[in-house]
Amino acid sequence: MLAANTAPALAADQAVCTRTSYLLGENLTFNRKDIVQYADVQNGAQGANGEAAQTDPVIEFTADQLDYDSNADVVTATGNVLLVRAEQSLVADSVTWDRKSGEVRANGAVQIIDEEGNKLYGDSIELTETIRDGVIENILVVLDAGGRMVATRGTRDDGVITLENAAYSACLVETTTGRPKNPSWQLRAIKVVYNPADKRVRYDGARLELFGLPVIPMPGLSHPVGEGSGGGLLLPDIRLSRANGMQLSVPYYFNIAPNRDLTVTGSVFTQVLPMVSANYRALTDRGAYQITGYATASSRIPVSAGGIGADSQDDFRGYLDAVGRFQLTEAWTVSGSLRVATDRTFLRRYDITREDRLRSTIEAERIGPNSYFSLAGWATQTLRVNDPQGQVPIALPVVDWRLRLPDSIAGGKVEFQVNTLAITRTAGQDTQRAFAQARWDMRRLTGMGQEFTLTALARGDVYNSSENALTNTLIYRGESGLQARASGSVAADVRWPFVGEAFGGTQVISPRVQVVGTPTTGNLALPNEDSRAIELEDSNLFALNRLPGYDRVEEGVRVVYGVEWSLQRPGMQLNAVVGQSYRFDDQRDFLPAGTGLGNRTSDVVGRVDLKLRNFIRYTHRFRLDKDNLAVRRNEVDITLGGRQTYVQVGYLRLNRDIGPEVEDLQDREELRVAGRVRVARYWSVFGAGVVDLSNAKEDPRLQSDGFEPIRTRLGVAYEDDCLELGLTWRRDFIPVGDAQRGNTFLLRVALRNLGF
């Protein structure tokens, strides 16, 4: 703080004599609150050897009272003491400086803010003369980068803070109203060292405590604080399942560079061999990518299109998942993904994902102001039991190019499109397709408020296919060899909104009529690769071609009619649409009645959306049989509640009545329920369930009695500002090979703001 030969230099208007000799020789008390500067060199004085003395940074302070005992050579400042040195400051009730020993002691509500912005609190602090280093009793450290540390004793040496019998936590220690609260988690250790140079906390003999209870020893633990990240052990994952027994997964995080990291996880099980997994992430100046892999060896029951084998086999098993996207220029991007598993049950058995298909893709894409180009390809690995891998298509290449002319032609917008697709199967039909089309759209608003749209489309297709007989569904095959098709459509669409007041709000009623004409093109002569999920619904009711994909075109002349209705009130939004169509020619062979489009008069489709004050959200989609109003499709999604407490119910019933000899999409009935209830400020219980309500009448292949649970889940969770804790029970009811039915228990602990 002050050199031994330093004397106070006071302002000229000070009430006492300003001579240094007088100040050093008398006991002085200053009652005036003022800034007093101490320096080794006074008024540019030279040292005894004639050279300029080395100048330490000036220390400035203010206090209510300053006492100097010339006999003991002790300076004492009391009452609201503030010492400032460069970017450091000290606040205390009193500060005593022993000029002989150079010891500085601060007492009473001591607070130090260092050059890093860290705050140190204590009952008493013993410092060096520079107030930079020292020893603190009953210390609290609030790190500027985040987190708090407490200890019975601490030292600060050249910025490094060392604490004894200490605890660290990133949790808040007081509520929003300023009331103290205990942290939900903390790390206790024999010694804790914080180095501001790398903003890292290191522990000796650490253990994790949750709600004051020691739960996990963590020897050799260290972690960064603040926004940075560093390497180290992450919290383990604990679960119990029937297939694998008890599982303990311990991840280790490697901070390779600011833009690259690696997480390696080792998992041990009580019933199977260990497994290792790794996740590598990288961010480049062009984009980002990550690679995830799993590897183990365990027994498995072979599962293929022929069913489930009787005996288990010991094999290497694993999974690779890689994804990346790169922005080469402002217009060009390249993206891709690779997802592949060694067998059909690995992902499900080890609870990695419950997907039944894995798709790998590659794409180069260019987006311009008025153009779009895509060169892509994809391949799919099926994980379904009765799905032959040889029948799963590989699409390469897939080319799509579109151009929109910036200027209008005949008052409308013109867009061109060229598309090619090549599909290959290792044990199935191969198909190549190319088409080109031009589309013209003109939209006008009449003086009566009618929205009038005219559309014209011209298109030509060329197909080539082989091995058509290997496709099981007859209407999907088409004729082998080269086939060509020319098609076109014209359409007129009129929508007339009427706006008025109703039910205390504003309603809009919009009748809509559309007329579409398309010549007969001979659909069944062409293969069907992407137009298989045919179904009339509210989203495609007024589409130019209501069949998905490009391989099937809806032929004939039809009129589509419907009405849209919306009601807006304070806290309420209601939207509804209902419609139907009529075709002027006979039934089409490739449109079964169960699709809603098989007859001249289509089924009735509609949708209702209701939202009430962010508490009720209701969506209902339906399709009613045109003859008897039987429900052919009924889909309901309801959410009641807010973010903390809510219930979600989903129901789906498809009663399309289409046999498997015509189409491979069968009827289904399913119920989904999920909910969460907040039982305390930080505690909640949650649950979910999926039930298959289908029976043999809807699908002859099913053995269900109409109520077959698929999966249920129930758990309890705790979540506050720095801790997430959850215990989940899940039961799977449908076994697939070695992915057995049974119970799984999962314990999840996530410590926020720990720096990993």
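Every value quoted in this text rests on a predicted model; they were computed, and no experiment measured them.
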Checklist entry - With no hydrogens and no angle check, is any side-chain donor or acceptor of T471 less than 3.5 Å from a backbone partner on Q429? => result no
Item to check | Carboxylate-amine/guanidinium proximity below 4.0 Å for R402 and D400 | outcome: yes
Checklist entry - Is it true that R357 and D387 have a side-chain N and a carboxylate O under 4.0 angstrom from each other? => result yes
Item to check | Ion pair check, E330 and R366, cut-off under 4.0 Å | outcome: no
Checklist entry - Would you call E355 and R339 a salt bridge, using N to O less than 4.0 angstrom? => result yes
Checklist entry - Looking at F346, does the NZ or CZ of R317 lie under 6.0 angstrom from its six-membered ring centre and within 45 degrees of the ring axis? => result no
Checklist entry - How long is the gap from CG on N655 to CZ on R632, to the nearest 0.5 Å? => result 4.5 Å
Checklist entry - Thinking salt bridges, do R439 and E415 make one under a 4.0 Å N-O criterion? => result no
Next on the checklist: Could you check whether R512 makes a cation-pi contact with F542, meaning its NZ or CZ is under 6.0 Å from the centre of the six-membered ring and within 45° of the ring axis?
Outcome noted: yes
Next on the checklist: Going by side-chain contact (heavy atoms from CB on, under 4.5 Å), V398 matches just one of L421, T420, L375, I362. Which one?
Outcome noted: L421
Checklist entry - Do the ring planes of W332 and F373 sit parallel (below 30°), tilted (30 to 60°) or perpendicular (above 60°)? => result perpendicular
Checklist entry - Is there a side-chain hydrogen bond (donor to acceptor under 3.5 Å, both in side chains) between T455 and D441 once you walk through the steps? => result CA-CA 5 Å; T455 301; D441 290 282; 2.7 Å; yes
Item to check | Ion pair R552/D530, N-O distance below 4.0 Å | outcome: no
Item to check | Intermediate values then yes/no, salt bridge (Lys or Arg N to Asp or Glu O under 4.0 Å), E467 and R477 | outcome: CA-CA 9 Å; E467 304 291 344; R477 293 179 181 176; over 6 Å; no
Checklist entry - Have R546 and S581 got a donor and an acceptor in their side chains that come within less than 3.5 Å? => result yes
Checklist entry - Which residue, H620, R653, E669, R621, forms the side chain to side chain donor-acceptor pair (under 3.5 Å) with N634? => result H620
Checklist entry - Can a salt bridge be assigned to the pair D461 and R459 using a cut-off of 4.0 Å between side-chain N and carboxylate O? => result yes
Next on the checklist: Could you walk me through whether R633 and E537 satisfy the salt bridge (Lys or Arg N to Asp or Glu O under 4.0 Å) test, starting with their C-alpha distance in whole Å, then the side-chain angles of each, then the deciding distance to 0.1 Å, before giving a yes or no?
Outcome noted: CA-CA 9 Å; R633 173 174 178 163; E537 54 187 13; 2.7 Å; yes
Checklist entry - Can we say D603 and K626 salt-bridge, meaning some charged N sits less than 4.0 Å from an Asp/Glu carboxylate O? => result no
Checklist entry - Is any NZ, NE, NH1 or NH2 atom of the basic residue among R433 and D551 found under 4.0 Å from an Asp or Glu carboxylate oxygen of the other? => result yes
Checklist entry - Once you round to the nearest 0.5 Å, how far does CD of Q389 lie from CZ of R344? => result 6.0 Å
Checklist entry - Are E535 and R623 ion-paired here, with the side-chain N under 4.0 Å from a carboxylate O? => result yes
Next on the checklist: Applying side-chain hydrogen bond (donor to acceptor under 3.5 Å, both in side chains) to T431 and S465, what does each step give before you reach the verdict?
Outcome noted: CA-CA 4 Å; T431 302; S465 59; 5.1 Å; no
Item to check | Residue pair Q417 / Q437, side-chain donor-acceptor N/O under 3.5 Å | outcome: yes
Checklist entry - Side chains of Y476 and L474: does their closest heavy-atom pair fall under 4.5 Å? => result no
Next on the checklist: Given 3.5 Å as the limit, does a donor-acceptor pair link the side chain of S480 with the main chain of S466, or not?
Outcome noted: no
